[in-house]
Number of protein chains: 2
Amino acid sequence: MVDKTSGVPVHRQVAADLRERITAGEYAPGDKLPSERAMIETYGVSRLTIREALSILRAEGVVVTEHGRGVFVRPPASIQRLSRSRLSRAARAENKGAFLADAAAQGFTPSSSVRVRFEPADERAAGHLGIQPGDEVTVRDRVMRADGLVVQLAVSRLPRTFTRGTAIEEVDTGPGGAYARLEEAGHTIGHYAEHVGSRMPTPEEASALQLGQGIPVITVTRVAYREDGTPLEMNDMVLPADRYELTYEWAAE
Amino acid sequence: MVDKTSGVPVHRQVAADLRERITAGEYAPGDKLPSERAMIETYGVSRLTIREALSILRAEGVVVTEHGRGVFVRPPASIQRLSRSRLSRAARAENKGAFLADAAAQGFTPSSSVRVRFEPADERAAGHLGIQPGDEVTVRDRVMRADGLVVQLAVSRLPRTFTRGTAIEEVDTGPGGAYARLEEAGHTIGHYAEHVGSRMPTPEEASALQLGQGIPVITVTRVAYREDGTPLEMNDMVLPADRYELTYEWAAE
DNA sequence: TAGTGGTCTAGACCACTGA
DNA sequence: CAGTGGTCTAGACCACTAC
């Protein structure tokens with residue numbers, strides 16, 4: 001089963017063997033693997049070696065361990081697909097923003113909590129918003145839930161010059177959300193840009209999004225621009241990578 | 001330094017302490033952390049406990065370990081930004097495809113190896129390409145390098161009915177790449193769609209892309225459609241998440 | 001209560017790096 | 001060569017799950 005003279009670390013051999021059996025279908029998604037103590041017998045190695053092998057598979061997102069229950073092949077999460085059409089004015093007219101529009105389309109019960117605060121812009125925010133570091137920005141910190149489960153974190157920043165006296169500085173921005181309030185104030189949105197990346201979550205994000213080991217987050221920074229090109233809003237979103245796929249479409253040329 | 005009666009696992013406390021010192025700037029990017037044996041003294045715990053703490057930070061992408069040298073704060077990688085304009089016909093006219101256009105813009109020396117093969121479409125490919133599973137597709141398997149380093153993997157699939165008799169079935173597709181050959185054959189491209197996700201790399205991807213622990217990959221599936229809506233090509237790309245950011249822009253409405 | 005994974009110790013030897 | 005991280009053992013006790 002394992003070759004201790006091959007030079008390849010034994011725990012890697014065990015991990016490779018288990019990975020093969022899983023991809024071959026010997027253990028299906030959701031199935032329980034043998035217990036660690038059973039694997040000690042099977043492979044003839046110490047418990048730590050087994051646990052190192054399982055640690056590799058956890059980091060790859062292949063298995064999940066549950067204390068007191070066992071080790072299981074990770075079942076695939078249901079993927080939600082997001083496309084940019086959710087930002088259309090037509091959707092805004094009927095709903096309260098992009099997230100509620102998604103909920104209506106995908107059939108889950110949405111909820112969200114918002115905290116509003118004001119702070120000086122940092123280097124990065126100033127760069128995206130075309131203002132000076134230290135200029136005051138309105139910050140809307142949102143946690144979005146689907147059927148009670150946290151599925152998305154979003155931090156929106158706007159130069160305060162655009163939000164003073166509007167409902168954007170309130171917890172409830174009203175029908176159509178912040179973008180609708182901006183347009184009412186004469187700031188018609190001209191175009192959007194989204195910057196997409198990925199990384200491992202911070203411990204705070206991992207617990208907020210209830211992420212298991214081996215699940216990255218997708219980061220999306222959306223910047224909304226006025227028709228004259230002035231940046232109006234920067235929105236930093238963090239999505240669990242096992243539950244989201246983003247779709248972008250555009251005409252050739 | 002650590003509280004063994006708090007109920008919080010000691011290795012998590014050590015990881016949290018190191019993480020704090022790193023974010024506080026006590027250890028800057030590229031700095032060497034104390035050796036494992038030094039930390040045994042500092043924290044008064046066994047070596048395994050220290051190594052478990054470091055394993056957490058490695059999985060988060062916060063530190064990298066180098067055998068025989070030490071543990072280092074991960075230095076930030078230089079980010080390459082990709083925007084959809086690289087797919088314009090204007091860029092194609094002067095270059096050999098999107099990757100070479102990027103190279104010209106960003107100033108690195110590109111190289112790539114291609115393998116061409118033919119195989120029956122699987123379920124997923126058939127779905128994206130609007131054909132039947134089992135129908136023959138032309139597969140172009142590409143490894144792209146910047147200054148000798150592998151930076152991108154791409155697998156392109158086209159229904160063979162569109163590629164027969166064209167240079168798309170050759171290793172060298174000629175000036176402008178496969179898209180230029182398609183248009184010459186009368187298949188004018190109408191629009192593109194890109195589906196973006198993220199996950200941890202497979203062991204094969206991790207070694208090909210020389211990914212350290214704690215670095216996810218960004219997956220991009222691009223589908224090119226003819227003006228009448230017929231899918232022409234599906235391109236599965238795998239990018240190291242620490243070196244790429246994708247940008248999409250579009251007009252409001 | 002039995003079985004599971006989670007945490008931790010003390011010690012050993014190996015492989016790699018750099019002076 | 002000394003110092004570093006990588007691998008592995010044998011054993012112990014704890015915390016959680018499920019019957």
Side-chain angles (χ1 to χ4, degrees), chain A residues 1-18 27 30-59 61-74 203 206-207 210 212-214, chain B residues 1-18 27 30-59 61-74 203 206-207 210 212-214:
Chain A
M1 204 65 83
V2 294
D3 177 0
K4 297 188 181 184
T5 65
S6 72
V8 179
V10 176
H11 67 263
R12 283 187 190 280
Q13 295 182 47
V14 173
D17 183 65
L18 291 171
Y27 301 110
D31 278 6
K32 186 173 172 303
L33 264 53
S35 75
E36 295 180 353
R37 278 143 181 110
M39 291 195 215
I40 291 172
E41 303 299 323
T42 309
Y43 294 102
V45 297
S46 75
R47 182 150 173 237
L48 176 60
T49 304
I50 296 295
R51 285 182 60 78
E52 283 172 331
L54 293 174
S55 166
I56 291 173
L57 299 179
R58 263 204 314 268
V62 173
V63 303
V64 291
T65 53
E66 294 183 34
H67 195 173
R69 300 221 315 131
V71 184
F72 301 85
V73 179
R74 186 190 290 275
S207 74
Q210 296 161 72
Q213 269 195 318
Chain B
M1 204 67 83
V2 294
D3 178 359
K4 296 189 181 183
T5 65
S6 72
V8 179
V10 176
H11 66 264
R12 282 185 190 281
Q13 296 183 46
V14 173
D17 183 65
L18 291 171
Y27 301 110
D31 277 6
K32 186 173 172 302
L33 263 54
S35 75
E36 295 180 353
R37 277 141 181 115
M39 292 194 215
I40 291 172
E41 302 299 322
T42 308
Y43 294 102
V45 298
S46 76
R47 182 152 173 234
L48 177 59
T49 303
I50 296 294
R51 286 183 59 78
E52 283 172 331
L54 292 174
S55 166
I56 291 174
L57 298 180
R58 263 205 313 269
V62 173
V63 303
V64 291
T65 52
E66 295 183 35
H67 194 173
R69 299 222 314 131
V71 184
F72 301 86
V73 180
R74 185 190 291 274
S207 74
Q210 295 161 72
Q213 268 194 318

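Throughout, a chain's letter reflects where its sequence line sits, starting with A, and its residues are numbered from 1.
Considering only side-chain atoms of B/T49, the nucleotide from C/dG6, D/dG5, C/dC8 that sits closest is C/dC8. Residue B/P9 places its side chain closer to C/dC8 than to any other of C/dG5, D/dG6, C/dC8. For A/L48, the side-chain atoms get nearest to D/dT9 when compared with the rest of D/dT9, D/dT7, C/dG5.
Heavy-atom distances to DNA chain D give each of A/K4 and B/R51 a nearest nucleotide, and the one nearer the 5′ end belongs to B/R51. For the pair B/G68 and A/R69, nearest-nucleotide mapping onto DNA chain C gives the more 5' position to A/R69. The residue among B/E66 and A/G44 whose nearest nucleotide of DNA chain D is located toward the 5' end is B/E66.
Looking at A/T49, its side chain never comes within 3.5 Å of a backbone N or O of A/V45 through a donor-acceptor pair. Side chain of B/E66 to main chain of B/V71: no donor-acceptor pair is present (N/O by atom type, distance under 3.5 Å, no hydrogens or angles).
The separation between B/Y43 atom OH and C/dT7 atom C1' is 18 Å, rounded to whole Å. For the pair B/D3 CG and C/dC8 P, the interatomic distance rounds to 12 Å; values are reported in whole Å. Distance CD (A/E52) to P (C/dG5): 16 Å, rounded to an integer number of Å. When the P atom of C/dG5 is taken as reference, atom CD of A/Q213 falls 15 Å away, rounded to whole Å. One interatomic measurement links the two molecules: CZ of A/F72 to C1' of D/dT17, which rounds to 10 Å at whole-angstrom precision. Going from atom CD1 of A/I50 over to atom P of C/dG3 covers 19 Å, rounded to whole Å. If you take CG of A/L33 and P of C/dT4, they are 13 Å apart, rounded to a whole angstrom. The interatomic distance linking A/R12 (CZ) with D/dG6 (C1') rounds to 10 Å, in whole Å.
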I would like to know whether B/L33 and B/M39 meet side chain to side chain contact (heavy atoms under 4.5 Å, CB included); could you show each step before the answer? CA-CA 9 Å; B/L33 263 54; B/M39 292 194 215; 4.2 Å; yes

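The shortest distance between the side-chain N/O atoms of B/S35 and the OP1/OP2 oxygens of D/dT4 is below 4.0 Å. Taking 4.0 angstrom as the limit, A/T65 places none of its side-chain polar atoms (N or O) nearer than this to OP1 or OP2 of C/dG5.
Within 3.5 Å, a donor on the side chain of B/R47 pairs with an acceptor on the base of D/dG6, or the reverse. You'll find a donor-acceptor pair under 3.5 Å spanning the side chain of B/R37 and the base of D/dG5, going by distance alone.
Among the protein residues, A/S46 comes within range of the nucleic acid bases, having at least one heavy atom under 4.0 Å from a base atom.
Side-chain atoms of A/Q213 and A/S55 include no donor-acceptor pair closer than 3.5 Å.
Evaluation of B/H67 against the base of C/dA15 yields a stacking contact (centre distance < 5.5 Å, interplanar angle < 30°).
Distance check: A/R58 CZ to A/T65 OG1 gives 4.5 Å after rounding to the nearest 0.5 Å.
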